[in-house]
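Down below is the structure, laid out as structure tokens.
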Amino acid sequence: MFEYRLTAQCPETGARAGELITPHGVIETPVFMPVGTQATVKAMTPPELEEIGAQIILGNTYHLYMRPGADIVEEAGGLHKFMQWHHPILTDSGGFQVFSLSELRKITDEGVEFRSHLDGSKHFMRPEDSMDIQQKLGSDIAMAFDECVVWPTTEEYSRAAMERTISWAKRCKEHHSREDQALFGIVQGSMFEAQRIECIKRLEDIGFPGYGIGGLSVGESHEDMYRILDVLCPEMPVNKPRYLMGVGHPANLIEGVARGIDMFDCVLPTRNGRNGGVLTSFGKLNLKNRGFARDFTPIDPSCGCYTCRNFTRAYIRHLYTAGEILAARLCSWHNLYFLVNLMRDARKAIIEGRYPQFRRDFFAKFNEGPMQL
RNA sequence: GGUAGGAUGGCCGAGUGGUCAAAGGCAACAGACUGUAAAUCUGUCGGCGAGAGCCUACGCUGGUUCAAAUCCAGCUCCUACCA
């Protein structure tokens, strides 16, 4: 029911192309996965996601547990049916909320006590609870409940969190029973190379069909992120998918792929899209800027998305300044298309044996500096 | 014509003698956003200056006072009610 097939590998970099077989379809990797925390990719409908080329999307354990509740989703026939997305879904375990809701939670070896961000009520989530919820949601890929550590942190704290994450991973696997759902372990260890290597080895001993790399893109420099990937990826099993959690930035995707990452997810395309930020092949733009008021060209002339085929920067800027919801939709659409297709193009390049050139071409064009108006 | 109330920074609107270049909101301009507490958040927002600071400002004109957006007089305009 779940299998990873490595189909091509870049002889120069660590880039890999593969296929992930899931109950709801085959995913071609490397892949960018749009984030749909609350059973919706914000501002997008499922048919629109299909048109973009999205192969798999995310849902979130913590958020769906809080609202509407796992039982309701289960009663609805599972998350796929509930939200009318009939392709693969990956659910995050709530581990990231251990990080992002740091003001509202208390961690013990047993689990995490959360105060609801909605009404302040107390909830206790153990690895077993996360598994129960994810099994009710019925995602194709569930993630182990981990502790995503804040950055920066000490070597001691990172180790404690890593130990907890490993012990929770074991409990997750023991508790997990649904056969039509794969369970991925998550590597922690912050910016400590030895801990990262130790963590993947010990997770491998437990045995998972895929591995997430957590605790990155939490504020550290790109150099730190790449340094960890450089030492960690060669230690990861070749025949299992590698998922760099929460990443994100186009440059990070290109570099992640070069280091052997197969899967990415990030809120950046949708969140920034709602706020006027768009990604292009030549860098980022903020469409709210006055300079676009009379710019009657598409966001990215080389982009084939619905937004770029039909609308101008001036029109979209107008929608933003007028507070129109379509602005958020059109830019989310474009940004998702950009990242999904960046990975599709990367895959093609890997298969055709030209990933190093593809990578060079990307950076020659993509400008991180101030935008040109 | 009479009576009452009111005129504040692009707009709305606090402020009734000094701590006022003037709260707050909106608009505008810019920035941030990486397993989504985000259609959010932050900053700037009279002029000059790196800065201390200086200048110009609360309808207009004049006055009182060490000191006026705030008090007084006249004027202009607006609003409500009465004729």
Side-chain angles (χ1 to χ4, degrees), chain A residues 32-44 56-64 66-67 90-105 114-120 130 134 139 141-149 151 165 184 186-188 211-222 224-225 243-253 255-256 261 263-279 284-293 317 319-332 335 339 370-371 373:
Chain A
F32 178 78
M33 309 183 284
V35 178
T37 305
Q38 310 200 75
T40 169
V41 175
K42 292 184 192 295
M44 302 302 295
I56 170 173
I57 64 174
L58 263 66
N60 184 277
T61 298
Y62 168 84
H63 289 280
L64 293 173
M66 289 294 180
R67 189 166 54 188
L90 180 152
T91 42
D92 189 24
S93 60
F96 183 73
Q97 279 61 45
V98 175
F99 160 83
S100 66
L101 300 176
S102 58
E103 315 265 297
L104 297 173
R105 53 68 174 158
F114 284 105
R115 279 201 294 111
S116 163
H117 69 285
L118 300 170
D119 62 10
S130 177
Q134 293 186 72
S139 52
I141 302 171
M143 298 303 295
F145 190 59
D146 65 326
E147 180 182 350
C148 182
V149 185
W151 180 87
T165 293
F184 282 22
I186 299 178
V187 179
Q188 291 290 343
Y211 296 90
I213 301 169
L216 291 178
S217 65
V218 289
E220 81 282 6
S221 68
H222 288 192
D224 275 343
M225 181 194 293
Y243 163 28
L244 180 52
M245 307 179 77
V247 175
H249 187 100
N252 294 162
L253 262 55
E255 289 306 296
I261 300 297
M263 305 160 73
F264 303 88
D265 79 284
C266 192
V267 305
L268 188 138
T270 42
R271 181 184 287 169
N272 286 25
R274 270 175 273 129
N275 299 319
V278 290
L279 301 163
K284 298 191 295 183
L285 303 177
N286 184 349
L287 288 185
K288 287 181 176 174
N289 289 356
R290 183 166 199 87
F292 296 113
R317 173 185 142 82
L319 293 178
Y320 274 115
T321 56
E324 285 293 340
I325 199 164
L326 184 58
R329 278 178 41 67
L330 293 178
C331 289
S332 295
N335 283 343
L339 292 183
M371 63 184 170
L373 291 181

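Order of the sequence lines fixes the chain letters, A, B, ..., with proteins taken first and strands second; residue numbering starts at 1 for each chain.
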| message | Does the structure show a Watson-Crick or G-U wobble partner for U3(B), both distances under 3.5 Å? Name it, or say none. | response | A80(B)
| task | Assign Thr270(A) to base, sugar-phosphate, or nothing according to its heavy-atom contacts below 4.0 angstrom with the strands shown. | result | base
| request: Please determine, for U44(B), whether a Watson-Crick or G-U wobble partner exists with both distances under 3.5 Å, and give it or none. | output: A28(B)
| field | With sequence neighbours excluded, residues passing ring-ring contact (aromatic ring centres under 6.0 Å, His included) with Tyr243(A) | value | none
| request: Identify the nucleotide, in any strand shown, that forms a Watson-Crick or G-U wobble pair with U16(B), with both distances under 3.5 Å; if there is none, say none. | output: none
| field | Between A30(B) (C1') and Leu285(A) (CG): distance, integer Å | value | 15 Å
| Given atom CG of Leu118(A) and atom C1' of U36(B), what is their separation to the nearest angstrom? | 13 Å
| task | Have a look at Leu104(A) and say if it touches a base, only the backbone sugar-phosphate, or nothing, with a 4.0 Å heavy-atom cut-off. | result | base
| With sequence neighbours excluded, residues passing ring-ring contact (aromatic ring centres under 6.0 Å, His included) with Phe114(A) | Tyr62(A)
| Base paired to U70(B) (Watson-Crick or G-U; both N/O distances under 3.5 angstrom) | none
If you restrict it to nitrogen or oxygen atoms, what contacts under 3.5 Å exist between nucleotides 41-43 of chain B and the protein, and what is each distance?
none

| query | Of all the choices, A30(B), C33(B), U36(B), which nucleotide is nearest to the side chain of Lys284(A) once you look at every atom? | reply | C33(B)
